[in-house]
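What follows is a short report on a single structure.
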Protein chains: 2
Amino acid sequence: MIKESSRLREYIRRIQRRLGLVDENGKSCCGITLSQCHSLVEIGRAGAISLVDLATEMGLDKSTLSRTVENLVQKGYAIRETDARNRRYVVIKLTEEGNSLFKGIEKGMDDYFDKIYQLIPEGKRAQVLESMQLMLEAVTKFECCQ
Amino acid sequence: MIKESSRLREYIRRIQRRLGLVDENGKSCCGITLSQCHSLVEIGRAGAISLVDLATEMGLDKSTLSRTVENLVQKGYAIRETDARNRRYVVIKLTEEGNSLFKGIEKGMDDYFDKIYQLIPEGKRAQVLESMQLMLEAVTKFECCQ
DNA sequence: ATAAAACAGTTGCAATATGCAATTAATATT
DNA sequence: AATATTAATTGCATATTGCAACTGTTTTAT
């Protein structure tokens, strides 16, 4: 007999793998790498963000993000300005072009999740949604209280 | 009003991020890299596997896996033998030491998911489990039928 | 007020990961 | 028997990542 928590683990493992593939596919259409894509989306969501905040948000070293942002700037998708109120900070934003790329990525992901959602039996959708929320709460609780 | 599929997307996004952190922590205690850890677990689960099968299973190029396996061999966690029945193949297996590392990783992950499962309200656990299964079915269906 | 500490960001360095293409060796096909 | 296919390895190029050192800016402490 298999433990229920093991079943949970296995489901999540497989879902993660599938979603990883989606991520990979998304990459190829952007003309940017996956890391750059992730950074771009974070910047787009934030609107404007400093380097350390971006690094913290993404769980990566600031040096890594410094370079990734540099790449996005090179490609014309982002700009860096020094923060007038505190000149240690840079304010990272998307350019027009970066913003439309961001919107495109967001739309692509939304479309994907629309389709996924439709593939869940209609009578089960609300339950799945609630369950994902419960799942998120569980993993979040674990983080802070372990 | 936020679309339900967008809520789904956001939940999954955050869960993924949390689980990624777990993965990262798991890494540091192993003395091996995350990629090596993933490969080791795949080999451990398979018992014995060829390089191409491993690469296919993990969705990576066989050259990448060739090197990762080489690293695991170097560290004494895996062995490569040529398959007697078809000498083009190598049979990749874990050594004693690799196997106990594998078991340790599996145990760590199982313990983690046990705790997560306990953090889900008792009356909701069965529902969450069923929902994860439905979610997996949905993303799998999308893959094959899109 | 000035010296020291803390902080944000960048850059040099090293390790790892990854895919493609070419190569080698073994097996299957014609 | 010759050719094609397949499994694995290796050379090459690129990307990712973190740590540590360094610069410039702001905050804190004396």
Side-chain angles (χ1 to χ4, degrees), chain A residues 17 20-21 23-43 46 48-75 77-93, chain B residues 17 20-21 23-43 46 48-75 77-93:
Chain A
R17 177 154 302 171
L21 296 177
D23 229 6
E24 290 298 316
N25 293 340
K27 171 187 72 171
S28 44
C29 47
C30 297
I32 57 177
T33 67
L34 191 55
S35 298
Q36 287 165 21
C37 184
H38 286 159
S39 301
L40 184 128
V41 169
E42 284 302 329
I43 299 166
I49 193 169
S50 76
L51 192 67
V52 181
D53 288 351
L54 184 60
T56 305
E57 180 65 27
M58 297 183 68
L60 294 172
D61 194 84
K62 57 185 179 166
S63 65
T64 301
L65 266 297
S66 178
R67 283 177 251 257
T68 304
V69 168
E70 173 61 22
N71 289 333
L72 290 175
V73 170
Q74 289 295 325
K75 292 183 177 172
Y77 294 131
I79 47 168
R80 266 179 302 207
E81 297 166 351
T82 46
D83 189 328
R85 287 165 308 180
N86 187 333
R87 299 178 49 218
R88 280 181 295 188
Y89 289 78
V90 294
V91 180
I92 305 165
K93 296 180 201 169
Chain B
R17 178 152 302 171
L21 295 177
D23 230 4
E24 291 298 316
N25 293 340
K27 170 188 74 174
S28 44
C29 47
C30 299
I32 58 176
T33 67
L34 191 55
S35 298
Q36 287 165 21
C37 183
H38 287 159
S39 301
L40 183 127
V41 169
E42 285 301 329
I43 299 166
I49 192 169
S50 77
L51 193 65
V52 183
D53 288 349
L54 184 59
T56 305
E57 180 65 28
M58 298 184 66
L60 294 172
D61 194 85
K62 58 186 179 167
S63 65
T64 301
L65 265 300
S66 179
R67 284 177 249 256
T68 303
V69 169
E70 173 61 24
N71 288 333
L72 290 175
V73 170
Q74 289 296 324
K75 292 182 177 173
Y77 294 129
I79 46 167
R80 265 178 304 207
E81 299 166 350
T82 47
D83 189 328
R85 288 164 307 179
N86 187 333
R87 298 178 49 221
R88 281 180 295 187
Y89 289 79
V90 293
V91 180
I92 305 164
K93 295 181 201 169

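What's counted below: heavy atoms across the whole structure, side chains too, no hydrogens, waters or symmetry copies. Protein chains get the first letters and strands the later ones, always in sequence-line order, with residue 1 at the start of each.
- Listed pair A/R88 / D/dT23 fails the phosphate criterion, with no side-chain N or O lying under 4.0 Å from OP1 or OP2.
- Between B/S63 and the options B/D61, B/L60, B/L65, a side chain to side chain contact (heavy atoms under 4.5 Å, CB included) holds for only B/D61.
- The shortest distance between the side-chain N/O atoms of A/T33 and the OP1/OP2 oxygens of D/dT16 is below 4.0 Å.
- For the pair B/L54/B/M58, a side-chain contact is recorded, criterion being any heavy-atom separation below 4.5 Å from C-beta on.
- Judged by closest nucleotide on DNA chain C, A/S66 is the one of B/T68 and A/S66 placed further toward the 5' end.
- Taking every side-chain heavy atom of A/S63 into account, D/dG18 is the closest of D/dG18, D/dT16, C/dG9.
- Here D/dT16 presents its C1' atom at 18 Å from NZ of A/K62, a figure rounded to the nearest Å.
- Not a single donor-acceptor pair, N or O on each side, falls under 3.5 Å between the base of C/dG9 and the side chain of A/R87.
- Regarding contacts with the backbone of D/dT17, a side-chain N or O of A/S35 is found under 4.0 angstrom from either OP1 or OP2.
- Each of B/V91 and A/A84 was matched to the nucleotide of DNA chain D holding its nearest heavy atom; the match closer to the 5' end belongs to B/V91.
- When heavy atoms are screened at a 4.0 angstrom cut-off, A/R85 is found touching no nucleic acid atom at all.
- Rounded to an integer number of Å, the gap from B/L34 CG to C/dA15 C1' is 15 Å.
- Counting to the nearest Å, the C1' atom of D/dA15 and the CG atom of A/L72 are 13 Å from each other.
- Rounding to whole angstrom units, CD of residue A/Q36 and C1' of D/dT17 are separated by 14 Å.
- For A/D61, the listed nucleotide lying nearest its side chain is D/dG18; candidates were D/dT6, D/dT16, D/dG18.
- Each of B/L51, B/V73, B/L72 was checked for a side chain to side chain contact (heavy atoms under 4.5 Å, CB included) with B/R80, and the lone residue meeting it is B/V73.
- Note on B/E42 versus A/R17: salt bridge recorded, some NZ/NE/NH1/NH2 to OD/OE distance being below 4.0 Å.
- Taking only side-chain nitrogens and oxygens, A/T64 never comes nearer than 4.0 Å to OP1 or OP2 of D/dT16.
- The distance from atom CG of B/N86 to atom P of D/dT6 is 12 Å, rounded to the nearest whole Å.
- One interatomic measurement links the two molecules: CG of A/L65 to P of D/dA15, which rounds to 17 Å at whole-angstrom precision.
- The environment of B/K75 atom NZ is dense: over 12 non-hydrogen atoms of other residues, nucleotides or ligands sit within 6.0 angstrom.
- When each of D/dT26, C/dC20, D/dT9 is scored by its nearest atom to the side-chain atoms of B/V90, the top-ranked nucleotide is D/dT9.
- In terms of polar N and O atoms assigned as donor or acceptor, the side chain of A/R67 comes within less than 3.5 Å of the base of C/dG12 in a complementary pairing.
- Rounded to a whole Å, the CE atom of A/M58 is 12 Å from the C1' atom of D/dT16.
- The CZ-C1' distance, from B/R80 to D/dT9, rounds to 9 Å in whole Å.
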